[in-house]
**Student:** 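Would you mind keeping the following structure in view while I ask a few things?
Proteins get letters first, then strands, A, B, ... in listed order; numbering begins at 1 in each.
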There are 2 protein chains.
Amino acid sequence: MDAGLGGLPPAASPGDACRTRVVLDIVGDKWSLLVVRNLRHGPRRFTELKRAVEGISQRMLTVTLRSLERNGIVTRTVHDVMPPHVSYELTEMGVTLREATAPLLEWSLAHLARIDDARAAYDARTASSPVSSPVS
Amino acid sequence: MDAGLGGLPPAASPGDACRTRVVLDIVGDKWSLLVVRNLRHGPRRFTELKRAVEGISQRMLTVTLRSLERNGIVTRTVHDVMPPHVSYELTEMGVTLREATAPLLEWSLAHLARIDDARAAYDARTASSPVSSPVS
DNA sequence: CTGTATCCAGGGGGATACTG
DNA sequence: CAGTATCCCCCTGGATACAG
């Protein structure tokens with residue numbers, strides 16, 4: 001990790017920052033992680049996901065699933081019956097991604113309250129600098 | 001984990017998805033993770049960060065740092081000397097966030113090639129559906 | 001050096017209507 | 001059911017200029 005060169009200057013290798021981009025391009029959007037998370041218990045159908053990921057629009061669910069499929073995170077299986085039936089499932093790689101993001105979710109759950117505190121404290125502090133009205 | 005209620009229906013608790021949002025609101029943007037990462041070895045000054053996080057503009061660095069500060073991820077320390085000197089440092093919570101995101105970065109490094117493969121394969125597959133010209 | 005203010009382009013993403 | 005197509009708003013984020 002980090003090639004731990006303690007004595008060296010700050011920069012680290014530029015390529016590393018570049019690679020971090022790859023993750024963000026996949027999961028750094030508004031919905032991908034939520035979809036991945038909702039696939040953790042096995043295959044789900046389009047409408048099931050639409051209901052599970054509250055607030056997502058049909059369009060964004062399609063876009064997100066296409067992106068995840070293109071990146072090899074989920075598979076799309078069409079059962080050609082009537083009515084149409086399409087199921088999505090995490091690939092092997094998708095499962096590992098889901099596992100890699102788990103600590104982040106746990107972190108979120110563990111620090112929610114503290115984050116709220118920090119926000120309140122910050123807002124209270126900056127309220128004394130009335131750049132504009134603190135209302136609204 | 002997931003409160004492992006194996007036999008229950010898919011939905012999980014809606015609140016969980018809601019909480020996932022909190023993480024994404026903090027790190028799901030274009031720069032936050034890169035800034036956090038560049039603070040892993042201790043305090044950094046504004047200009048140091050600007051150089052380290054290649055491609056970031058002054059504005060976005062300021063915006064990102066303010067957000068991280070508000071969320072209790074970094075501290076901002078002003079040394080009132082001439083010339084001005086401001087240093088940023090991960091809070092205790094910031095350090096744990098950085099640790100929580102480490103698996104994600106490792107995942108990225110480990111799966112980069114595989115992701116490229118998946119993309120190439122997908123693009124090859126969809127090339128047979130010529131909605132528009134595959135060129136450019 | 002460390003910002004803030006302003007302008008502006010691009011795209012993310014919502015609402016709606018239509019299709020196989 | 002599972003999308004696609006279209007319209008359009010607004011926010012992100014870059015460039016530039018200015019300030020303490």
**Student:** May I have the distance from A/Glu48 (atom CD) to D/dC1 (atom P), rounded to whole angstrom?
**Tutor:** 11 Å
**Student:** The side chain of B/Ser57 lies closest to which of these nucleotides: C/dG13, D/dG14, C/dG3?
**Tutor:** D/dG14
**Student:** Counting only side-chain N and O atoms of B/Arg66, is one of them less than 4.0 Å from OP1 or OP2 of C/dG3?
**Tutor:** yes
**Student:** Contact class for B/Arg45 (heavy atom, under 4.0 Å): base, sugar-phosphate, or nothing?
**Tutor:** sugar-phosphate
**Student:** Mapping B/Arg51 and B/Arg59 onto DNA chain C by nearest heavy atom, which one lands closer to the 5' end?
**Tutor:** B/Arg51
**Student:** Please state how far atom CG in B/Leu34 lies from atom C1' in D/dG13, giving the value in whole angstrom units.
**Tutor:** 14 Å
**Student:** Nearest to the side chain of A/Lys30 - D/dG3, C/dG3, C/dG14?
**Tutor:** C/dG14
**Student:** Before you tell me yes or no, could you show the steps for A/Leu61 and A/Val53 under side-chain contact (heavy atoms from CB on, under 4.5 Å), namely the whole-Å CA-CA distance, both residues' side-chain angles and the distance that decides it to 0.1 Å?
**Tutor:** CA-CA 9 Å; A/Leu61 181 53; A/Val53 184; 5.5 Å; no
**Student:** In whole Å, I'd like the distance from the CZ atom of A/Phe46 to the P atom of D/dC1.
**Tutor:** 11 Å
**Student:** Start with the C-alpha distance between A/Leu105 and A/Leu33, add both sets of side-chain angles, then the distance that settles side-chain contact (heavy atoms from CB on, under 4.5 Å), and finish with yes or no.
**Tutor:** CA-CA 10 Å; A/Leu105 179 57; A/Leu33 277 189; over 6 Å; no
**Student:** Provide, to the nearest angstrom, the distance between the CG atom belonging to A/Leu65 and the P atom belonging to D/dC1.
**Tutor:** 16 Å
**Student:** So which nucleotide from C/dG3, C/dC1, D/dT4 ends up closest to the side chain of B/Pro84?
**Tutor:** C/dC1
**Student:** Report whether B/Tyr122 and A/Met93 are members of the same hydrophobic cluster (ILVMFWY, side-chain heavy atoms less than 4.5 Å apart, transitive linking).
**Tutor:** no
**Student:** From the list D/dA2, C/dA15, D/dG14, which nucleotide is the closest neighbour of the side chain of A/Arg76?
**Tutor:** D/dA2
**Student:** Calculate the interatomic distance between A/His85 atom NE2 and D/dA2 atom P; express it in whole Å.
**Tutor:** 7 Å
**Student:** With a 3.5 Å cut-off and sequence neighbours excluded, list the donor-acceptor pairs that the side chains of residues 73-80 of chain B form with protein atoms.
**Tutor:**
unit_1: B/Thr75; atom_1: OG1; unit_2: B/Glu89; atom_2: O; d: 3.4
unit_1: B/Arg76; atom_1: NE; unit_2: B/Tyr88; atom_2: OH; d: 3.2
unit_1: B/His79; atom_1: NE2; unit_2: B/Ser87; atom_2: OG; d: 3.3

**Student:** To the nearest angstrom, how far is B/Leu24 atom CG from C/dG13 atom P?
**Tutor:** 11 Å
**Student:** Can you tell me if B/Asn71 and A/Arg119 form a side-chain donor-acceptor pair at under 3.5 Å?
**Tutor:** yes
**Student:** Ignoring the backbone of A/Gln58, work out which of D/dG14, D/dC1, C/dA17 is nearest its side chain.
**Tutor:** C/dA17
**Student:** C/dG3 C1' sits how many Å from B/Lys50 NZ, rounded?
**Tutor:** 12 Å
**Student:** Is there a side-chain contact between A/Tyr88 and the phosphate of D/dG3, meaning an N or O under 4.0 Å from OP1 or OP2?
**Tutor:** yes
**Student:** What's the closest nucleotide to the side chain of B/Met60 if the choices are D/dG13, C/dG13, C/dG3?
**Tutor:** D/dG13
**Student:** Could you give the CD1-to-P distance, from B/Ile56 to D/dG14, as a whole number of Å?
**Tutor:** 7 Å
